[in-house]
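Structure record follows, encoded as structure tokens.
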Amino acid sequence: MNTKRWASAALLGSALLYAIPSLASEGAALSPFVINLTVFVLAIFVGYYVVWNVTPALHTPLMSLTNAISGIIIIGALLSAAPDGWTPGTFMGTVAIVLASICIFAGFMVTQRMLAMFKTKKKGSRGL
Amino acid sequence: MSINVAAFFYLVASVLFILALRGLSSPTSARMGNIFGISGMVIAVLTTLSLAQMESLFVVLIAIAIGGGIGITMARRVEMTAMPELVAFIHSLVGLSAVLIAFSAVYDPGSYGISLTESNQLPISNSIELFIGTFIGAITFSGSVIAYGKLSGKLKSAALVFSGQHKLNLILAIIMVILGIQFTITGDWTPFILMTMIALLLGVLVIVPIGGADMPVVVSMLNSYSGWAAAGIGFSLNNNMLIIAGSLVGSSGAILSYVMCKAMNRSIINVLLGGFGGDQADTSATTSAGGEQKNHKSCGPADAAFMLTNADSVVIVPGYGMAVARAQHALKEMEELLGEEGVNVRYAIHPVAGRMPGHMNVLLAEAEVDYERVFEMEEINNELPSTDVVLVIGANDVVNPLANSDPSSPIYGMPIIEASRAKTVLIIKRSMSAGYAGIDNDLFYMDNSMMVFGDAKEVIENVIKAI
């Protein structure tokens, strides 16, 4: 418990330390980092509460589904792949598209396969 | 499509991802959840494609088709017992993608919408974010490769511990951070590449000392890392979609790691420091096994069948040994036969039964066991004293009463399925050998316990014949 608290305190501390330049800069526009940090922290909270609601029986499908979702990294790669002519940069981007597609397709597909196996004879679930 | 419209669609996709996770709260809504997830991904990808330059569309579609083909083939072929390997493999791909994207962005910041400073350098904030995204990605990649090797049996699964391990990791981590700072200041390739190499090495060193029973924690932890890697890349590209999806995955993996650690009564730090299930555990086995001679009783499958058919209620406690012996289908057949005799058969699952969180539930579901008959440890423990027969198959440490009674035991405090409180306990096991934790199990020597020796599948098949 204590270690967890220390870890989160350290995490928060380093985030703040990193945020100081953005916080200190006096500008009319929001720094993108501040927006990103807001989204990041809120998304973690949403994730925390949603995932605690997942029934332990479905923890393996949860993992394969999150595998597929982490394939979202594909959109980072899509931004750069082969705009005009091949450079090492676009090549790496294209390889990343292939890899991320594997995650997406394998992740959703295997989740589908597993979930199809969970059956019950009783009508109406007690929400196991 | 304008950036603002794109941001709107990203919001829709993010909500769909949240609904996808929400769907997993029950098996009935889970399939819909997966469909939400797929829709979210389609929306996110189409939106991004409409932002990217169209002349590259052909290459992109081919790349997606190749990846999709490989992914679908893998998902179709994988055995349910091999799920942890597949999951670890996917983590490694996410990690590697993050590294590739970061490299690509450092090489050509313009195509990612990162504008350079006047001195033609990456802005400091982008450098820091790329550095963070890269090292998390690299650690995820090499760590997952090692985890995959251990899970698939290509590498020795035992913990590899050597002296000075943690000091070495610490020193490497410090060097990595220094290189990262150097990269931020100079924008040079050399510190960036060196930093990535050290991160790759760190990934290996962090996972190598963890083995055996701790693998579920490792898989969950890498699940979490793969999410943080995506979120890190999202920060560098100022892309909220990546940040949201990455954080969802990251917190999911973190929660799973926590659940697994709690089920083994260990702190995450303790797991990371490693050594459990390795040599240290062997020495504790010899010390606790020494001392007085204990006697156990054993019986044959026919006696077991007699006890099972005469019981009113039976609780089956499966462990990973059951899955290794591929006994789940035979078990399901036995459950049906007993059901016809009027016996109430249920299953009790310990959170760490199997090699990844929830693994045993999937293995039972594959054998078409009704999920309404499958209970979590906390749900069923109170009912065990009134249960006639508990049948333990291929499980060991998770039913060891020493976890409740012996403070000197390495598993003391670990929550267990309290099989010993049932009227009769049948244990199907190959021999009297110890489980992962390497300690003797008092349950086997209790007056109400009966051992049935043999391969789990053969024993169950013989029991079926005798019924």
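Throughout, a chain's letter reflects where its sequence line sits, starting with A, and its residues are numbered from 1.
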Sequence neighbours left out, cut at 3.5 Å: what donor-acceptor pairs do the side chains of residues 238-251 of chain B make with other protein atoms?
from: B:N238; atom 1: OD1; to: A:N36; atom 2: ND2; distance (Å): 2.7
from: B:N239; atom 1: OD1; to: B:M241; atom 2: N; distance (Å): 2.9
from: B:N239; atom 1: OD1; to: B:L242; atom 2: N; distance (Å): 3.2
from: B:S247; atom 1: OG; to: B:I243; atom 2: O; distance (Å): 2.5
from: B:S251; atom 1: OG; to: B:S247; atom 2: O; distance (Å): 2.7
from: B:S251; atom 1: OG; to: B:L248; atom 2: O; distance (Å): 3.3

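- B:R22 contributes no side-chain N or O that, together with a main-chain N or O of A:V50, makes up a donor-acceptor pair within less than 3.5 Å.
- Contact tally against chain A (heavy-atom pairs below 4.5 Å) for B:V369, B:I349, B:N223, B:V106: the top residue is B:N223.
- Between chain A and the options B:I255, B:I66, B:V94, the largest number of non-hydrogen pairs under 4.5 Å is found for B:I255.
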Extract all donor-acceptor atom pairs below 3.5 Å that involve side chains of residues 104-111 of chain A and protein atoms in other chains or at least two apart in sequence.
from: A:T111; atom 1: OG1; to: A:S64; atom 2: OG; distance (Å): 2.8
from: A:T111; atom 1: OG1; to: A:L65; atom 2: N; distance (Å): 3.4
from: A:T111; atom 1: OG1; to: A:G107; atom 2: O; distance (Å): 2.5

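- No side-chain N or O of A:N53 forms a donor-acceptor pair with one of B:S25 less than 3.5 Å apart.
- For B:A231, the part lying near chain A is the side chain, with the backbone staying farther off; criterion is any non-hydrogen pair under 4.5 Å.
- If you check the side chains of A:T60 and B:N361, you find no donor sitting under 3.5 Å from an acceptor.
- For B:V259, the part sitting under 4.5 Å from any heavy atom of chain A is the side chain, from C-beta outward, and nothing else.
- Within the 4.5 angstrom heavy-atom criterion, atoms from both the backbone and the side chain of B:I18 approach chain A.
- The part of B:L237 that comes within reach of chain A is its side chain, from C-beta onward, which places non-hydrogen atoms under 4.5 angstrom from that chain.
- If you tally non-hydrogen atom pairs under 4.5 Å between each of B:V78, B:L96, B:I233 and chain A, the highest count goes to B:V78.
- Options A:A116, A:P32, A:S70, A:G47 differ in how many heavy-atom pairs under 4.5 Å they form with chain B, and the most are formed by A:S70.
- No side-chain donor-acceptor contact under 3.5 Å links B:H350 to the backbone of B:E376.
- Contact annotation for A:I69: both backbone and side-chain heavy atoms come within less than 4.5 Å of a heavy atom of chain B.
- Checking side-chain atoms of B:S104 against main-chain N and O of A:G89 turns up a donor-acceptor pair under 3.5 Å.
- In this structure, no portion of B:S236 lies under 4.5 Å from any heavy atom of chain A.
- Side-chain contact, B:Y258 with B:S220: no donor N or O sits under 3.5 Å from an acceptor N or O.
- Neither the backbone nor the side chain of B:F36 comes within less than 4.5 Å of any heavy atom in chain A.
- Residue B:I72 touches chain A through both its backbone and its side chain, counting heavy-atom pairs closer than 4.5 Å.
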